[in-house]
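Let me begin by presenting the structure, written as structure tokens, before commenting on it.
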2 protein chains.
Amino acid sequence: MANRAKATIFDIAREAGVSKSTVSLVLQGSGLIRPETASKVRKAIEDVGYVYNRGAANLRKAHSNVIGMVINDLTNPFFAELAVGMERVFQSAGIVPFIANTAENPVRQEEVLKSLMEQGVAGLIVSPARGTTPGAFRRIETAGLPVVFAMRRLPESRIPVIAPDNHRGAYLATAHLIGKGHRRLVFFGGSSDLVVYHERLGGFREACETQGIAARDALVVEGETSRRGGIACLETALAMAEPPTAALCFNDAVAFGAMLALRKRRLEPGTDFAIVGFDDVAEAEHYMPALTSVAVDSAGLGERAAHVMLKMIQSRTTRAEDHIGAVNLVVRESCGPDRRTRNRTAGSGSMN
Amino acid sequence: MANRAKATIFDIAREAGVSKSTVSLVLQGSGLIRPETASKVRKAIEDVGYVYNRGAANLRKAHSNVIGMVINDLTNPFFAELAVGMERVFQSAGIVPFIANTAENPVRQEEVLKSLMEQGVAGLIVSPARGTTPGAFRRIETAGLPVVFAMRRLPESRIPVIAPDNHRGAYLATAHLIGKGHRRLVFFGGSSDLVVYHERLGGFREACETQGIAARDALVVEGETSRRGGIACLETALAMAEPPTAALCFNDAVAFGAMLALRKRRLEPGTDFAIVGFDDVAEAEHYMPALTSVAVDSAGLGERAAHVMLKMIQSRTTRAEDHIGAVNLVVRESCGPDRRTRNRTAGSGSMN
DNA sequence: GCTACTAAATGGAACGTTCCAATAAATCAA
DNA sequence: TTGATTTATTGGAACGTTCCATTTAGTAGC
């Protein structure tokens with residue numbers, strides 16, 4: 001039976017007939033205690049319904065066992081995956097990750113970061129909200145708290161970053177489209193307040209350039225990074241005097257939107273207009289037609305980020321190397337058959 | 001400039017030329033302090049790069065400002081929505097929600113709950129993992145910590161529950177199918193270790209019974225609650241001697257799987273076989289064909305759960321009333337046109 | 001029987017806050 | 001002026017741990 005008031009190590013000590021110090025030692029699994037004593041103490045712990053007060057402990061201990069994960073949008077499975085990947089690693093390291101959502105809101109992010117710091121976290125893994133100001137992490141940095149950015153980075157910051165190779169992913173996808181025979185391409189969705197956008201757009205442009213597409217045939221339509229944004233982008237593109245025939249989308253959501261809009265116009269994604277997505281969310285595989293997309297392995301990046309964080313905590317540093325995760329293009333149906341050689345049917349065979 | 005060692009209220013006190021008590025008062029926004037003194041202190045706080053130590057404060061204060069949200073599967077947008085709904089409410093109440101994921105693993109859940117308690121949370125909102133043992137929350141209950149279950153409940157527990165009206169949702173959906181002329185129905189997916197499963201299945205059965213469907217025409221195929229599970233369920237159903245013509249699926253993921261499997265067999269969801277989902281995730285609307293589904297407003301339920309929790313904390317009680325959220329059937333395309341009016345041959349041998 | 005050692009257990013001083021009771025300073029009533 | 005009252009500020013004792021320096025008990029050597 002638990003008393004109304006919370007039990008402390010003193011209560012346990014009395015119950016077990018030992019001193020508080022002995023109880024503390026048992027709690028920490030110290031080998032200095034005689035096994036019989038330890039089990040006597042453990043029994044008392046059970047009896048009084050004791051719950052350890054980590055706050056009090058952290059007052060003395062140097063480091064806490066919790067790290068904070070600050071995610072810009074938990075309802076996006078892509079980022080949720082990231083969180084889950086990190087959790088796996090931390091769990092086995094005996095440290096507890098607390099997740100907080102910023103809903104892409106820098107103000108909320110500020111609050112969340114403050115809370116986490118006050119809570120005394122040992123480190124922070126952050127996927128920064130859109131529109132985060134460059135100074136938002138200065139306070140945390142000067143406090144000497146290890147921070148890692150995941151998936152996204154800030155324009156000019158020394159904080160280590162774990163992110164996919166956006167440039168290369170976009171390059172691969174674009175090259176694939178060009179290889180399919182497309183000569184007038186467009187980049188759909190995203191906006192320039194995101195570093196990721198510039199990276200992906202950069203890959204797109206480089207591919208166009210090196211594969212002999214004129215700059216005036218490498219179009220860009222900015223837009224929301226959502227289904228709705230994708231719909232709007234497609235409308236805009238098709239309204240052009242000389243419409244493109246293929247689009248690389250900022251992410252899969254945009255791609256789904258674009259395909260939806262094509263269908264609405266009785267155009268078939270793949271044969272009438274080629275679409276490539278980015279992120280390769282679970283849905284991409286099951287879409288109709290299945291979406292060709294750049295896979296980034298977000299759970300894997302989450303694990304990597306967690307490992308980097310553990311290293312930083314262990315070695316008491318606030319610096320670490322960036323890590324750029326490999327990407328690969330998963331070719332499915334949304335780019336249709338080869339346009340140059342119409343006779344050849346692109347089955348499951350060769351690509352590139 | 002921040003020093004290497006963390007600054008405390010004593011450092012601020014020295015800097016501002018006041019006592020630690022004064023600093024503490026300022027920190028708490030007490031009106032007892034002369035405004036000039038307060039601003040002097042605030043400046044010092046800024047100067048030394050102070051971060052509040054909530055752990056130390058909680059040692060004295062009765063209640064902390066953090067509550068824990070324990071979610072069974074964050075990668076499921078349905079549950080992520082729930083978390084986001086709660087966050088909205090808590091944020092404006094000045095309390096900080098920390099989210100933890102149990103990945104549907106009771107052992108992990110145990111750890112997470114322990115951690116959260118040790119951290120000194122003021123309350124817990126839990127969507128219990130599948131296979132949670134009835135005794136898993138006894139410890140927390142005897143500790144007098146307020147707990148609310150969201151979305152899911154445990155077989156025999158006195159903990160308040162905020163959940164959708166699963167029974168009614170399933171009833172509505174089934175009645176819709178029967179109204180469309182179907183006479184041999186099946187319930188797809190889920191397994192009996194989940195209370196939700198029994199609720200939904202119960203609604204399905206009651207609808208069949210009261211609308212004149214023989215018990216032997218109300219089939220059940222258990223299975224994983226995922227796309228893959230849905231695929232398997234459909235295969236099983238179509239392999240039957242007398243296959244059903246319509247399915248109520250445990251959730252939308254199962255429904256998507258079933259539709260996928262139909263397509264693979266060159267059958268058209270809606271016209272050849274009717275499908276209804278459950279949860280109405282965002283994807284349902286955009287699917288091809290759009291999925292008829294039971295909408296449960298998970299974000300709304302999250303908000304409700306948060307409000308209940310705030311009340312419990314405020315009134316220092318551990319009891320509260322259950323809240324069953326309204327559901328409504330969103331009719332889209334996956335059930336096709338009315339079968340009765342089209343032609344009278346509803347599969348083989350429907351004589352009711 | 002004494003010292004020297006080891007093993008096991010312990011008391012006390014932190015840790016960074018809050019809160020209460022007490023003080024100091026300022027204002028007012030007479 | 002004196003005492004009473006209000007307004008600002010302050011010291012000290014918690015809160016529940018950890019960790020260090022001791023103490024106590026037990027064992028071994030001689």
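Lettering of chains follows the sequences in order, A, B, ..., and the numbering in each one begins at 1. Because only heavy atoms are used, hydrogens play no part in the values below, and waters and symmetry mates are left out as well, while side chains stay in.
Distance check, rounded to the nearest 0.5 Å: CE of A:Met309 to CE of A:Met312 gives 5.5 Å.
At a threshold of 4.0 angstrom between heavy atoms, the contacts of A:Ile9 include nucleobase atoms, whether or not backbone atoms are also involved. Heavy atoms of B:Tyr52 sit under 4.0 angstrom from primed sugar atoms or phosphate atoms, though from no base atom.
One interatomic measurement links the two molecules: CD of A:Glu36 to C1' of D:dA25, which rounds to 14 Å at whole-angstrom precision. Here the P atom of nucleotide D:dT23 and the CG atom of A:Leu32 are 18 Å apart, to the nearest Å. Per the geometry, CD belonging to B:Gln28 stands 15 Å off P belonging to D:dT9, to the nearest Å. For the pair B:Arg34 CZ and D:dT7 C1', the interatomic distance rounds to 10 Å; values are reported in whole Å.
Not counting sequence neighbours, the partners of A:Glu36 by the salt bridge (Lys or Arg N to Asp or Glu O under 4.0 Å) test are A:Arg34.
Judged purely by distance below 3.5 Å, without hydrogens or angles, the side chains of A:Ser21 and A:Ser24 never pair a donor atom with an acceptor atom. Judged by distance alone, the side chains of A:Gln109 and A:Thr132 do bring a donor and an acceptor atom under 3.5 Å apart. Side-chain atoms of A:Ser115 and A:Gln119 include no donor-acceptor pair closer than 3.5 Å.
The span of DNA chain C lying next to chain B, judged by atoms under 4.0 Å from heavy atoms, is bounded 5' to 3' by C:dG16 to C:dC19.
Between A:Val161 and A:Val148, every side-chain heavy-atom pair lies at or beyond the 4.5 Å cut-off. When side chains are defined from C-beta on, B:Leu27 counts as touching B:Tyr50, because their heavy atoms get closer than 4.5 Å.
Classification of the B:Phe149-B:Phe137 ring pair by plane angle, with boundaries at 30° and 60°, yields perpendicular.
Contacts between residues 16-25 of chain B and DNA chain D, defined by a heavy-atom separation under 4.0 Å, are made by B:Val18, B:Ser19, B:Lys20, B:Ser21, B:Thr22, B:Leu25.
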